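Computed from a predicted structure; not experimentally measured. In what follows, every chain begins at residue 1, and chains take the letters A, B, ... in the order their sequences are listed.
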Amino acid sequence: MEIIMAIAAGVLVTCAVYLILSKSILRIIIGTGLLSHAAHLLVMVMGGLKTGDAPVIKDGVTAYTDPLPQALVLTAIVISFGVTAFFLVLAYRAYQELGTDNIEEMKGNDSYD
Amino acid sequence: MKHTNDVILETVTSVITFIIFLFAVHLFFAGHYTPGGGFVGGLMTSAALVLVLLAFDLKTLRTILPFDYKWITTLGLLISVLTASGALLFNVPFFTHAYDYFDLPLFGKTSLHTAMLFDLGVYLVVVGVTMTIIQTIGESD
Amino acid sequence: MINLPLLPILLPLLTGVILMFFPKRIKAQRAVSLISTMLTILASVVLTQVVRTSGIQSVTLGSWPAPFGITLVSDMLSALLVLSTSILTFAVLWYSTVYLSDEHERFFYYIAVQFLLVGVNGAFTTGDIFNMFVFFEVFLISSYVLIVLGGKPEQLRESLKYVLINVISSALFVITVAYLYGIVGTLSMADISQKIAQSGQTGVLTVIAVLFLIVFGLKGAIFPLYFWLPGSYHVPPIPVLALFGALLTKVGVYAIIRTYTLFFYHETGFTHELLAILALATVVIGVIGALATRDVKQILIYNIVVAVGVILYGVAVMTRQSLEGAIFYLVHDMLIKAALFLLIGVMIGITGTSRLNEMGGLIKDYPRLAWTYFIAALSLAGIPPLSGFVGKLLIVRGGFEAGYWIGPALVLVSSLLVLYSVMQIFIRGFWGTPRRYAGKRKAVSGRLLLPAACLVILTVFYGIGTEFVRPYVTQAVDPLVDPSVYIEAVLKEGS
């Protein structure tokens, strides 16, 4: 199961890199979303996938599931949710101001020499 | 958003919103010892509100809930921070919670926990933030 | 008061929340945020003194035992950085009340600054690697709000890049923490250090060390990863730029110092050599950038890059002396960079441009500004007895003593070139023929100068009073040279 999940994370990263390297801002944002999904999945996998045991440790209990990765992932998901929302609003504002969503056209140096 | 006359959606929404909302409250209190809690409860509540937003429009939502969502977020943050820093008064580490069991009428033996106050803050923050985001994106259309 | 390490984080947090209740009332916003930042400074001073007298302070949130709960650890390094952060934030806030237009101030400016302070102080204080990620995100999100302050088209364009870079580096941070957690099975930094020492630093851990270098290097702008910095830092208003330049890259540098002295100190052959090479390349690139541009903002922005390189070189050498130098220089650089940015802010306020070619002769009408800038510039380059000198001296001596000569020599040459680059501002901006200027903030230049001058005076004392500061810095180096000091202080507390 871990192997499959690790491969899934890898596929997600691949898609994310492809999308981030494209020119449209919207695709880039979706790419960052996929990238953070991949990271979250990786946290779960690295914490070890285990089913059937309760996440409590007590005297006499030998088998338990590690609850920490889930807590970490929840935190990370909330953060990436907020950042993605901000990023979308920012991209929309930039689209309104600059009149383009194409990164290529946003190039250019200000006239500082 | 243009107002469409979607009878089925509107009728269903007006019933289902309350069910979702009650389920959200259930999740919120279930979070005490079982899966659930302020975060998912808050998301559920905002899902109900978004449903209203989809079926009707922003104006309807504002008449139902005449709050400024930023204000709700702030209130939630304040509740959470104050709950956590209440520990400072007793000179125990920040975030240390107190809990005990009480015999309440109607509920019987109930466990009361200051973590619930913290969760209430989280709930309000989640509802506030989600609705602020959706309004900000939705308004400019 | 066992929650003392928490106060410099909690005070700005509470203030930020309270300020959110009345975002449009500027006068109240100013007053509340200034008073609360004053209190934060006070708390940091007390914290520093307590750490000085009774050693490393740690508090584990929620009363969980130490390796399981989130620990906040204030050793001397954290306390010093928190103190300087609070001081310079106060100066910048004071400056902002004069500099920013009402329009900017109403746009959640003070709230964002308070949350930035929460994040930066938190990242300096935390003893938990994932919690560090959370605090990184707190100050990053605040910085996203601050960088678009004003909403000019080029600002939006640059902030898109800034946000994208930081989102990617955050994802990398999570991935790195995941790898680390998979191997050592703990998140408490003291515990990680202990586990690595027990199991030995295997190849995988070296890979993780390099990943951490990439993550923090993106924040700290080291050599191949600095590319976003000159563009993004050029666009926000001056007070925001001062905060960014003084704080954000330094958090990355602090994180590198922490991880490289606490976790990955066993196999220094690869990681620290890599760090040294990158640090020197950073110095070179920064100097080239600073010399090549004729824009006052850009000159100082490239000087941020130089300073990051110098500090990290001191860290990479990893002797007691060079680490002491690195910390000396880190604190100095935070204060002096903020002061310099505020000073050129006054220049830009008077002239209405940031281009050196359109300036000149300012010394005639603004002698105080000119001489304050002169002292600050000398201090940045490290002319004795000003504050930059001691740090650089220790770094260079540490480098020579460890048997290297290219590195220290490069750092020395870079000092000269840094001096040349900042003196260029003095020569072209303050000397020369006076012109007629129509800057928007000409009338308030005196009031703008005051906070900047206070910072400069502070750095002068920091330089002259080296004998007084030295014991603090020596204490800050102790846990860096000998991680067991740090580990014992944290884990003993819990048991």
K.L.:
In this structure, are over 12 heavy atoms from other groups packed under 6.0 Å from C/Gln49 atom CD?
P.N.:
yes
K.L.:
Heavy-atom count check: over 12 atoms from other residues, nucleotides or ligands less than 6.0 Å from C/Phe21 CZ?
P.N.:
yes
K.L.:
Between C/Phe108 and chain B, with a heavy-atom cut-off of 4.5 Å, which part of the residue counts as in contact: side chain, backbone, both or neither?
P.N.:
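For C/Phe108, the side chain is the part near chain B, not the backbone.
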K.L.:
Is the shortest side-chain heavy-atom distance between B/Ser85 and C/Leu10 below 4.5 Å?
P.N.:
yes
K.L.:
Which atoms form the tightest heavy-atom contact between B/Thr74 and C/Val17, and what is the distance?
P.N.:
CG2-O, 3.2 Å
K.L.:
Any chance CZ of C/Arg52 has more than 12 other-residue heavy atoms, nucleotides or ligands included, within less than 6.0 Å?
P.N.:
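More than 12 within 6.0 Å, yes.
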K.L.:
Please classify the contact between C/Leu6 and chain B as side chain, backbone, both or neither, with a heavy-atom cut-off of under 4.5 Å.
P.N.:
side chain
K.L.:
Which bit of C/Leu72 is near chain B, if near means a heavy-atom gap under 4.5 Å: side chain, backbone, both or neither?
P.N.:
neither
K.L.:
Side chains of B/Leu88 and C/Leu7, heavy atoms from C-beta outward: is any pair under 4.5 Å?
P.N.:
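A side-chain contact exists here, since the closest heavy-atom pair is under 4.5 Å.
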K.L.:
So, do B/Pro93 and C/Val59 sit near enough that their side-chain heavy atoms are less than 4.5 Å apart?
P.N.:
yes
K.L.:
Donor-acceptor pair, C/Asn3 side chain versus B/Asn91 backbone, under 3.5 Å?
P.N.:
no
K.L.:
Begin from the C-alpha positions of B/Leu78 and C/Leu14 and carry the test side-chain contact (heavy atoms from CB on, under 4.5 Å) through to its verdict.
P.N.:
CA-CA 7 Å; B/Leu78 192 67; C/Leu14 258 180; 4.2 Å; yes
K.L.:
About how many Å separate CZ of B/Phe94 and CD1 of C/Ile2, when rounded to the nearest 0.5 Å?
P.N.:
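If I round to the nearest 0.5 Å, the distance is 12.5 Å.
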K.L.:
Considering residues, nucleotides and ligands other than B/Leu89, do more than 12 of their heavy atoms fall under 6.0 Å from its CG?
P.N.:
yes
